[in-house]
Amino acid sequence: MNVQTKPSEDAVAIVAELGRRAKGAAVALRNAGTAPKNRALTEAARLIRGEKAAILAANAKDIAAAQAAGMTSALQDRLLLNETRVEAMAKGLDEIALLPDPVGAKIEEWTRPNGLVISRVRVPIGIIGVIYEARPNVTADAGALCIKSGNVVVLRGGSDSFHSSRAIVELLRRALATAGLPEDCVQLVPTTDRAAVGEMLRAMDWLDLIVPRGGRSLIDRVTEESRVPVLRHYDGICHVYVDRDADVAMARDLVANAKMRRVSVCGAAETLLIDRAALDTHLMPVLARLHELGCEVRGDGDVRQRDAAALPATEKDWRTEYLAPVIAVATVDGVDGAIRHIATYGSQHTETIVTDNEATAARFLDEVDSAIVMHNASTQFADGAEFGLGAEIGISTNRMHARGPVGLVELTTYKNIVRGKGTLRP
C-alpha cells in the first residue's frame with residue numbers, strides 16, 4: 001500500500017482510491033464467517049508480539065517529532081508506546097477473537113396474525129472511517145473491532161502518530177491475507193495532508209459512518225463538515241461527587257485514581273464535587289492525596305478556605321477537560337447540587353458518586369444524564385476493555401444508535417427478515 005505523504009492536490013484521488021478498494025473488500029468481509037475473522041485477529045496479535053521492536057522503533061520516530069514540535073507531556077503520553085502497551089494491543093486482539101460474533105445474531109422475532117414471521121438480525125454497518133489523533137493504540141483497536149464486526153475500516157491517524165499507525169496497519173493487513181480475507185478490509189490514509197480528512201467527510205458514496213477521536217477542534221470540524229453520519233465523542237469532562245455518606249478512605253483513593261492514574265485519557269476525572277456537609281471531614285484527606293501525587297487543585301471559595309495550596313477556580317474551569325494533572329473542585333449542596341452542576345457543566349461522558357447511602361446513589365444513577373454513570377468506582381473504568389467488550393472504537397456521547405463504549409455490537413445495525421407462505425396483502 002502507498003504510505004508516502006502526498007501534496008493536497010492529490011487528496012481527491014487518494015480518497016477515491018481508498019473508497020474503490022474499500023467497496024471491493026466490503027462484500028467479502030460482510031459475508032465472511034466467524035472463523036476467518038478470528039484467524040485474522042489471532043494472527044495479527046501474533047505479528048504484533050513478534051514485530052514489537054519494529055513497532056517501537058516507528059513510535060520512537062513519532063515521539064521524537066512530537067518532542068521537537070513541543071507537544072505537551074499529556075499528549076505525548078497518549079502517543080507513547082512501550083512494551084506493556086504493545087502487549088496490551090496484542091492481548092486486546094486475542095480477547096476480541098474470543099468474543100461472540102454479533103453478525104447474524106437474531107435480535108427479536110415475532111409472528112403477525114396473517115402468518116408472516118418477522119425477525120431482526122444483526123449485520124455490519126458497512127464501511128467505517130475513523131479519524132483520530134495521537135493514539136496509535138486506536139489503530140489496532142479500531143481495526144480489530146471492525147474486522148470482527150464485519151466492517152471495512154479506513155483509518156486516518158494524526159500526523160503525530162503516522163509512523164506508529166503505519167507499522168500496525170501493515171501487520172493487520174498481513175494477518176488478513178493469511179486468513180484469506182482482503183487486505184483492504186483495513187486501510188490507512190496514506191497522507192498526513194488535512195485535505196484528505198475533508199474528502200472523507202464528503203464521501204457519501206462509499207462511507208457509511210465516521211468516528212472521530214481527538215480534541216475538540218477535530219470533533220467540531222467533523223461534526224460541522226461531515227455529510228456522512230458521525231458517531232462522536234465530545235469532551236470528557238468527568239466528575240467525581242463525594243457525598244456526606246462516603247467512606248473517607250474510599251473517597252481519597254478513588255479520587256486519586258480517577259484523576260491521576262492516567263491524566264491523558266478521556267475517563268480521567270476533571271472536576272471533583274464535594275458535599276457541603278462533608279467539607280470538614282472529607283475534603284482535606286482527598287486533596288492531600290492529590291497534592292502528594294503532584295496534582296494542581298483549583299477550588300471555589302469554600303475549598304480555598306480549607307486548602308491554602310488551592311488556586312482560585314474560574315467559571316472556565318468547570319467546563320475544561322485538562323488532560324493534565326489539574327483538577328477543579330466545587331462545593332455543592334448534596335446530591336441535588338451535584339446533579340445540577342453536572343447538568344450545567346458536564347459533557348455527558350462519565351460521572352461517579354462516592355457514597356455508602358444506597359438511596360442517594362440510586363438518585364444519582366437515575367437522574368444524571370451521562371453515557372456512563374457509576375457508584376463507588378473510578379471514572380477510569382470508562383473503557384471498552386474494562387466493560388468486557390475486548391476494546392472500543394470510542395466512547396460515544398451521542399444519544400442515537402450507541403452511547404458509552406462502542407464495541408462489537410455497537411458497530412452493527414440490523415435488517416428485517418420477513419418469511420411468508422405465499423402471503424398476499426389484501
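By convention here, the first residue in the shown sequence is residue 1.
A salt bridge is defined here as a Lys NZ or Arg NE, NH1 or NH2 lying under 4.0 Å from an Asp or Glu carboxylate O, and R298 with E296 meets this definition. Contact check on K106 versus E109 returns a salt bridge, with a Lys/Arg side-chain nitrogen under 4.0 Å from an Asp/Glu carboxylate oxygen. At a threshold of 4.0 Å, the pair E225-R202 does not count as salt-bridged, since none of the basic side-chain nitrogens sits closer than that to a carboxylate oxygen. Using a 4.0 Å cut-off between charged nitrogen and carboxylate oxygen, R122 and D101 do not count as a salt-bridge pair. A salt bridge is defined here as a Lys NZ or Arg NE, NH1 or NH2 lying under 4.0 Å from an Asp or Glu carboxylate O, and R289 with D253 meets this definition. Between R173 and E170, none of the side-chain N atoms (NZ, or NE/NH1/NH2) sits under 4.0 Å from a carboxylate O, so this pair counts as no salt bridge.
Using modelled atom types and a 3.5 Å distance limit, the side chains of D245 and T355 yield no donor-acceptor pair. Remark: the S161 side chain and the D62 side chain contain no N/O donor-acceptor pair separated by less than 3.5 Å. If you check the side chains of T191 and D193, you find no donor sitting under 3.5 Å from an acceptor. Counted by atom type alone, D235 and S347 present zero donor-acceptor pairs between their side chains at under 3.5 Å. Y132 and T139 are linked by a side-chain donor-acceptor pair at a separation below 3.5 angstrom, with hydrogens and angles left out of the test. A donor-acceptor contact closer than 3.5 angstrom links the side chains of Y345 and E315. Judged by distance alone, the side chains of E351 and S370 do bring a donor and an acceptor atom under 3.5 Å apart. Donor-acceptor pairing under 3.5 Å is recorded for the side chains of D243 and Y241.
Applying side chain to side chain contact (heavy atoms under 4.5 Å, CB included) to R49 and the options I55, V86, D94 leaves one that passes, D94. Across D302, D336, D300, a single residue satisfies salt bridge (Lys or Arg N to Asp or Glu O under 4.0 Å) together with R276, and that is D302.
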